[in-house]
Amino acid sequence: ILLFMIPADADSISSQYQILLGELKKYNPELLDKKRLLAITKADMLDDELTEQMKADVPKDLPSIFISSVSQYNLDKLKDLLWQAINTP
C-alpha cells in the first residue's frame, strides 16, 4: 500500500495528489497499481468547518483521513486503515 501525505495547508489537495501521482509514474509506473491511502496532515490547524470544506477537494475514489502528529489526532485510525488495507486481498 502507498500512503500519500499532504499537509492541510497545501493550496489544493487534489492538485498536490496529482503531482505526487505524476512523480510516481516517472519513478516507477508499476507502483500506480498498488492500493493507495491519503493522509491529510496538520489537521490540528483546522476547525470543523474548514475540514468539511477541504473534504470536497479530496479525490472521491481515494480512502482518506485527516491526521495530526502533534495532537495525535486520528493516528490510531490511520494505523487501523493501513492494517485493513494490508490484510485485504
Side-chain angles (χ1 to χ4, degrees):
I1 184 164
L2 299 175
L3 174 62
F4 291 85
M5 299 179 79
I6 298 175
D9 58 356
D11 290 335
S12 168
I13 293 172
S14 61
S15 65
Q16 289 295 311
Y17 177 66
Q18 292 304 316
I19 290 169
L20 291 171
L21 286 179
E23 292 295 319
L24 193 61
K25 185 177 181 180
K26 287 180 192 175
Y27 175 72
N28 184 349
E30 291 178 10
L31 290 174
L32 294 172
D33 296 332
K34 294 194 177 284
K35 292 179 187 178
R36 301 176 203 151
L37 178 65
L38 173 62
I40 295 94
T41 64
K42 301 182 181 180
D44 56 297
M45 300 186 326
L46 307 173
D47 61 15
D48 291 340
E49 184 178 335
L50 192 52
T51 299
E52 287 303 314
Q53 289 175 355
M54 293 184 80
K55 284 182 182 179
D57 193 31
V58 175
K60 302 294 181 227
D61 60 339
L62 181 65
S64 62
I65 187 168
F66 285 77
I67 65 167
S68 170
S69 59
V70 171
S71 66
Q72 303 294 300
Y73 176 68
N74 273 346
L75 292 185
D76 286 335
K77 287 182 183 179
L78 174 61
K79 289 188 269 186
D80 291 343
L81 286 172
L82 288 168
W83 182 255
Q84 289 171 359
I86 290 169
N87 290 297
T88 303

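Atoms considered below: every heavy atom in the structure, side chains included; atoms not considered: hydrogens, waters and symmetry mates. This structure is a prediction, so every number in the text was calculated from the model and none was measured.
- A continuous path of hydrophobic side-chain contacts links Leu81 to Met5 [ILVMFWY only; heavy atoms under 4.5 Å].
- Closest non-hydrogen pair, Ser68 versus Ala43, comes out as CB-N, 4.1 Å.
- With rounding to the nearest 0.5 Å, the separation of OG in Ser15 from CG in Leu20 is 9.5 Å.
- Within a 6.0 Å sphere centred on OH of Tyr73, heavy atoms belonging to other residues, nucleotides or ligands number 12 at most.
- The two residues Val58 and Ser64 have their closest heavy-atom pair at CG1-OG, 3.5 Å.
- When every heavy atom of Ala8 is checked against every heavy atom of Leu46, the shortest pair comes out as CB-CD1, 3.8 Å.
- Counting heavy-atom neighbours within 6.0 Å of Asn87 CG, excluding the residue itself, gives a total above 12.
- Here the closest heavy-atom approach between residue Pro7 and residue Ile40 is recorded as C-CG2, 4.4 Å.
- Here the straight-line distance linking atom OG1 of Thr41 with atom CG of Asn74 works out to 12.5 Å at 0.5 Å rounding.
- To the nearest 0.5 Å, atom CG of residue Leu2 and atom CG of residue Asp33 are 10.0 Å apart.
- Under the 4.5 Å side-chain heavy-atom criterion for grouping Ile, Leu, Val, Met, Phe, Trp and Tyr, Leu24 is connected to Ile13 within one hydrophobic cluster.
- Between Leu37 and Pro63, the shortest heavy-atom distance links the atoms CD1-O, 3.3 Å.
- Without hydrogens or angle criteria, Lys42 side chain to Asp9 main chain gives no donor-acceptor distance under 3.5 Å.
- Rounded to the nearest 0.5 angstrom, Thr88 OG1 and Trp83 CH2 are separated by 11.0 Å.
- Leu75 and Ile65 fall within the same hydrophobic cluster, where Ile, Leu, Val, Met, Phe, Trp and Tyr residues are linked whenever their side-chain heavy atoms come under 4.5 Å apart, directly or through other members.
- A donor atom on one side chain and an acceptor atom on the other are not found under 3.5 Å apart for Asp44 and Ser71.
- Note that CE of Met45 is 8.5 Å distant from CG of Leu50, once rounded to the nearest 0.5 Å.
- Both Tyr27 and Tyr17 are part of a single hydrophobic cluster, where members link through side-chain heavy atoms under 4.5 Å apart.
- Using a 4.0 Å cut-off between a side-chain N of Lys or Arg and a carboxylate O of Asp or Glu, Asp80 and Lys77 do not qualify as a salt bridge.
- For the pair Asp57/Gln53, no side-chain contact is recorded, criterion being any heavy-atom separation below 4.5 Å from C-beta on.
- Closest approach of Leu62 to Arg36, counting heavy atoms only: CD1-CB, 3.6 Å.
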In sequence, state the C-alpha distance, the side-chain angles, and the governing distance for Thr51 and Met54, and then conclude on side-chain contact (heavy atoms from CB on, under 4.5 Å). CA-CA 5 Å; Thr51 299; Met54 293 184 80; 5.8 Å; no

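- No more than 12 heavy atoms of other residues, nucleotides or ligands shown are found within 6.0 angstrom of NZ on Lys25.
- In this structure, the separation between OG on Ser14 and CD1 on Ile19 is 9.5 Å, given to the nearest 0.5 Å.
- Within the 4.5 Å cutoff, the side chain of Lys55 has heavy atoms near those of the Phe66 side chain.
- Grouping the Ile, Leu, Val, Met, Phe, Trp and Tyr side chains by contacts below 4.5 angstrom, directly or via other members, places Leu38 with Leu21.
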